[in-house]
Colleague: 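Take a look at the following structure, please.
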2 protein chains.
Amino acid sequence: MRNKYVLIYQEMVQKIEKETFKANEFLPSENELAEQYQTSRETIRKALNLLAQNGYIQKIRGKGSTVIERNKFDFPVSGLVSFKELADKMGEKPITAVHQCAKVSANDFIQKQLKLKDNQEVWEIIRTRSFSEQRIILDKDYLITKTVPYISKDIAETSIYNYLENELGLIISFAKKEIIVEEPTAEDRELLDLEGFHNIVVIKNYVYLDDATLFQYTESRHRPDKFRFVDFARREH
Amino acid sequence: MRNKYVLIYQEMVQKIEKETFKANEFLPSENELAEQYQTSRETIRKALNLLAQNGYIQKIRGKGSTVIERNKFDFPVSGLVSFKELADKMGEKPITAVHQCAKVSANDFIQKQLKLKDNQEVWEIIRTRSFSEQRIILDKDYLITKTVPYISKDIAETSIYNYLENELGLIISFAKKEIIVEEPTAEDRELLDLEGFHNIVVIKNYVYLDDATLFQYTESRHRPDKFRFVDFARREH
DNA sequence: GAGTGGTCTAGACCACTCA
DNA sequence: GAGTGGTCTAGACCACTCA
């Protein structure tokens with residue numbers, strides 16, 4: 001049984017997406033919601049805070065909470081998004097080709113990224129993603145073998161995240177992301193259909209578990225014309 | 001007088017940055033903190049949740065809250081960051097040149113971005129940012145005149161955000177951001193030192209006030225070699 | 001002045017960790 | 001079994017909005 005405030009949050013997300021609660025209209029007041037859900041106001045407020053954080057509503061003091069107009073296609077909830085989730089939203093089904101899926105000794109660069117003490121073994125997974133017969137994205141994943149003792153080409157072909165979370169029971173907690181633009185490497189030129197593009201957008205991702213241990217480093221290398229990153233951010237005051 | 005939980009949050013941020021609380025060590029427990037700050041546990045928890053959200057700590061059930069190792073230079077707190085804040089963190093002082101600062105009639109594109117009904121007037125501000133004598137960034141800002149009745153070249157040269165928040169008293173609440181890569185326009189070629197680069201990284205920003213009204217659309221156009229975006233994101237479960 | 005959201009409290013019960 | 005964080009409650013007081 002999930003938490004009450006998460007259930008209320010999810011139910012309200014549904015209602016916003018189905019437009020039971022419409023954009024620019026006000027939600028019922030916190031007191032009314034507390035009454036409806038037979039719970040305390042603080043619990044309602046936890047649900048509403050989740051909605052606000054994720055860009056569904058804007059709370060206005062003295063007035064109420066209004067539903068933020070959102071183009072679901074343009075602005076998915078931001079945060080950590082795996083490639084598969086992203087592709088679902090893009091509509092078109094990508095084809096994944098696995099070029100490498102093996103335990104290798106970490107080179108200096110990977111050692112540094114994953115803060116390894118010595119040249120431990122890591123899983124190296126190299127994949128390309130194709131849309132309409134064009135190889136657009138090169139994904140390079142490095143996973144610590146202590147946390148992920150085994151992984152197969154089959155898994156790499158579907159979803160690594162699904163395997164990590166549902167099969168291994170790992171709880172992914174947060175990630176640090178960096179986006180930069182680089183010159184294509186020889187590997188990029190070989191594995192991607194660059195079509196004359198002179199740059200590659202590189203998304204570096206450092207992924208952490210719920211005990212704050214770093215266990216994965218990922219580089220997602222995109223052809224620039226197909227790259228798009230969207231984000232919803234609240235300003236701190 | 002600010003809120004108790006914000007004060008506690010700020011004090012703890014200080015302690016983490018000054019390494020009174022060191023990376024990978026545990027904070028005092030919530031009960032201890034409640035005792036120390038003479039407050040209730042729920043108030044302490046609000047402060048700790050802010051710390052967790054902003055990537056300072058990781059809470060581990062049954063054990064406590066550990067300080068996340070963070071390279072402050074590499075990973076500033078993510079979210080909405082104005083150019084001036086960003087430049088402060090980069091160390092080098094940029095030079096801003098204002099090319100345009102005028103009320104103009106909104107063209108079709110701007111009307112669409114700002115969801116205007118007709119061709120209202122908007123403030124158009126076009127600026128370049130130089131580092132080491134190189135014009136690296138082209139900023140194009142469009143502000144709704146109803147919200148921002150007046151703005152000057154002087155303001156555009158320093159910080160628009162400072163003016164909006166401290167002079168006009170506007171409360172900026174959230175923004176939707178989109179990052180894509182484009183071919184340089186004629187304007188990019190004219191106003192930036194492209195040095196042969198074939199692409200421009202474009203950050204589109206839709207900025208909203210605390211009453212959920214959209215009042216500003218910004219395009220920040222970066223030379224790709226100097227572009228860098230970092231983010232801290234928690235995964236939703 | 002009635003209604004709204006924002007903060008804070010003191011206490012309860014729970015699941016989890018670790019010796 | 002002692003200590004940890006996670007959730008939930010019922011109530012208080014406050015600042016703000018709006019008629």
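We name chains A, B, ... by the order of the sequence lines, and we start the count at 1 in each one. Hydrogens, waters and symmetry mates are skipped; everything else that's a heavy atom, side chains included, is used.
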Colleague: Just to be sure I follow the notation: if a pair is Watson-Crick (purine N1 to pyrimidine N3 plus N6-O4 or O6-N4) or a G-U wobble (N1-O2 and O6-N3), each under 3.5 Å, what dot-bracket string does DNA chain D give, with | for pairs to another strand?
Modeller: ||||||||||||||||||.
Colleague: Could you give the CG-to-P distance, from B/Asn49 to C/dC8, as a whole number of Å?
Modeller: 14 Å
Colleague: Which atom pairs, one a donor and one an acceptor, fall under 3.5 Å between side chains of residues 41-53 of chain B and the rest of the protein, sequence neighbours left out?
Modeller:
unit_1: B/Arg41; atom_1: NE; unit_2: B/Glu30; atom_2: OE1; d: 2.9
unit_1: B/Arg41; atom_1: NH2; unit_2: B/Glu30; atom_2: OE1; d: 3.1
unit_1: B/Thr43; atom_1: OG1; unit_2: B/Ser40; atom_2: OG; d: 3.3
unit_1: B/Arg45; atom_1: NH1; unit_2: B/Glu30; atom_2: OE2; d: 2.9
unit_1: B/Asn49; atom_1: OD1; unit_2: B/Lys59; atom_2: NZ; d: 3.2
unit_1: B/Asn49; atom_1: ND2; unit_2: B/Arg45; atom_2: O; d: 3.3

Colleague: Check side-chain contact (heavy atoms from CB on, under 4.5 Å) between B/Lys18 and all other residues, then give those that pass, not counting sequence neighbours.
Modeller: B/Gln14, B/Thr20
Colleague: In whole angstroms, how far is the C1' atom of D/dT9 from the CG atom of A/Asn3?
Modeller: 15 Å
Colleague: Tell me, please, which residues at least two apart from B/Tyr5 pass side-chain hydrogen bond (donor to acceptor under 3.5 Å, both in side chains).
Modeller: none
Colleague: In B/S/- notation, 5' to 3', how is nucleotides 11-19 of chain D contacted by protein heavy atoms closer than 4.0 Å?
Modeller: -B--SBSS-
Colleague: Atom CG of A/Asp211 and atom C1' of D/dT4: how far apart are they, to the nearest Å?
Modeller: 16 Å
Colleague: Can you list everything that forms a ring pair (Phe, Tyr, Trp, His ring centres under 6.0 Å) with B/Phe227? Sequence neighbours excluded, please.
Modeller: B/His222
Colleague: Does anything in residues 19-35 of chain B reach DNA chain D, meaning a heavy atom under 4.0 Å, and if so which residues?
Modeller: B/Ser29, B/Glu30
Colleague: Kindly say if B/Thr43 contacts the phosphate of C/dT9, meaning a side-chain N or O under 4.0 Å from OP1 or OP2.
Modeller: yes
Colleague: How many Å lie between CG on B/Asp210 and P on C/dG5, as a whole number?
Modeller: 15 Å
Colleague: Below the 4.0 Å mark, does C/dT9 have OP1 or OP2 next to a side-chain nitrogen or oxygen of B/Thr39?
Modeller: yes
Colleague: Could you pull out all residues at least two apart from A/Thr218 that satisfy side-chain contact (heavy atoms from CB on, under 4.5 Å)?
Modeller: A/Asp141, A/Asn205, A/Gln216
Colleague: So if I take every side-chain heavy atom of B/Ser40 and compare against C/dT9, C/dG5, D/dT7, which nucleotide ends up nearest?
Modeller: C/dT9
Colleague: Which heavy atom of B/Thr147 sits nearest a heavy atom of B/Leu168, and at what distance?
Modeller: O-CD1, 4.3 Å
Colleague: List in chain and number order the residues that pass side-chain hydrogen bond (donor to acceptor under 3.5 Å, both in side chains) with B/Glu11, two or more places apart in sequence or in another chain; answer none if no residue qualifies.
Modeller: B/Tyr37
Colleague: If only side-chain N and O atoms of A/Lys46 are considered, is one of them under 4.0 Å from the OP1 or OP2 phosphate oxygen of D/dG6?
Modeller: no
Colleague: Can you name the side-chain hydrogen bond (donor to acceptor under 3.5 Å, both in side chains) partners of B/Gln111, sequence neighbours left out?
Modeller: none
Colleague: If the condition is side-chain hydrogen bond (donor to acceptor under 3.5 Å, both in side chains), which residues does B/Asp154 pass it with, not counting sequence neighbours?
Modeller: none
Colleague: Rounded to whole angstrom units, what separation is found between the CZ atom of B/Arg45 and the P atom of C/dT7?
Modeller: 16 Å
Colleague: Please state whether the phosphate of C/dC8, meaning OP1 or OP2, lies under 4.0 angstrom from any side-chain nitrogen or oxygen of B/Tyr5.
Modeller: no
Colleague: Judged by each residue's nearest nucleotide on DNA chain D, which is more toward the 5′ side, B/Lys59 or A/Gln38?
Modeller: B/Lys59
Colleague: Output yes when A/Asp139 and A/Arg221 qualify as a salt bridge under the 4.0 Å nitrogen-oxygen rule, no when they do not.
Modeller: no
Colleague: Who are the salt bridge (Lys or Arg N to Asp or Glu O under 4.0 Å) partners of B/Lys204, not counting sequence neighbours?
Modeller: none
